[in-house]
Amino acid sequence: MKKKIWLKKMIIQGMGYFYLVAGMNHFISPDFYLPLIPPFFSNGELINILAGIAEVLLGLGILFYPTRSRAAWGVVLMLVAFIPSHVYFIQINTCVEGGLCVPEWIGWGRLIVIHPILIYWAIWVAKNPKIYG
């Protein structure tokens with residue numbers, strides 16, 4: 001029984017730290033993210049900053065029980081908001097000039113496999129906020 005609680009604790013903490021680190025990376029390596037923002041969004045730099053702030057705050061929110069459920073639902077909304085970037089990445093043939101360039105199947109896999117798994121993970125945390133402390 002204790003192993004099950006330990007695993008659930010790690011799943012929740014892992015999610016919190018995952019988004020905390022991902023959010024900080026928006027400030028450390030903005031040149032990685034900027035080309036992935038579709039050009040129909042007018043201010044890519046602002047979007048990158050707001051995405052970084054959102055990921056940091058939501059990651060921190062997941063680490064603390066009183067805000068965990070709301071933060072996890074925020075992650076779901078944020079991930080839905082990121083879908084246009086994933087679609088745009090596929091539209092540009094999964095290759096950013098002078099930057100990230102991967103096989104097309106990786107872009108599709110990210111959109112139709114990994115992204116739904118991340119959304120499911122966030123929904124699970126939102127519905128199970130009191131697994132530990």
- Message: For Phe27, is the CZ atom crowded, meaning more than 12 foreign heavy atoms sit under 6.0 Å from it?
- Response: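 Yes, the 6.0 Å shell around CZ holds more than 12 heavy atoms from other groups.
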Practice prompt. Please check if Leu7 and Val125 belong to a single hydrophobic cluster, counting links between Ile, Leu, Val, Met, Phe, Trp and Tyr side chain heavy atoms closer than 4.5 Å.
Written response: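 Yes, Leu7 and Val125 fall within the same hydrophobic cluster.
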Spacing of [X] atom [atom1] and [Y] atom [atom2] [to the nearest 0.5 Å]:
X      : Y      : atom1 : atom2 : answer
Arg110 : Leu118 : CZ    : CG    : 5.5 Å
Ile117 : Ile114 : CD1   : CD1   : 5.0 Å
Leu36  : Asp31  : CG    : CG    : 11.0 Å

Test your reading of the model: is there a side-chain donor-acceptor pair from Ser69 to the backbone of Pro129, 3.5 Å cut-off?
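No: the side chain of Ser69 does not pair with the backbone of Pro129.
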Residue pair [X] / [Y]: nearest heavy atoms and the distance that separates them:
X      : Y      : value
Ile12  : Asn128 : CD1-O, 3.8 Å
Ala122 : Val76  : CB-CG2, 3.6 Å
His26  : Ala51  : CE1-CB, 3.8 Å
Arg68  : Ile62  : NE-O, 2.8 Å
Ala22  : Tyr33  : O-OH, 3.9 Å
Pro38  : Ser85  : CD-OG, 3.6 Å

Chi angles and distances behind the side chain to side chain contact (heavy atoms under 4.5 Å, CB included) call for Phe89, Val102: CA-CA 10 Å; Phe89 186 56; Val102 298; 3.8 Å; yes
Original post:
Between Phe18 and Trp121, how do the two ring planes meet: parallel, tilted or perpendicular, split at 30° and 60°?
Top reply: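 Correct class here is tilted.
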Going by the side chain to side chain contact (heavy atoms under 4.5 Å, CB included) test, name the single residue among Asn48, Val96, Leu100 that passes it with Phe32.
->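 Single pass found, and it is Leu100.
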Taking the side chain as everything from C-beta on, heavy atoms only, tell me whether [X] gets closer than 4.5 Å to [Y].
X     : Y      : answer
Met78 : Trp73  : no
Thr94 : Ile106 : no
Phe41 : Leu46  : no

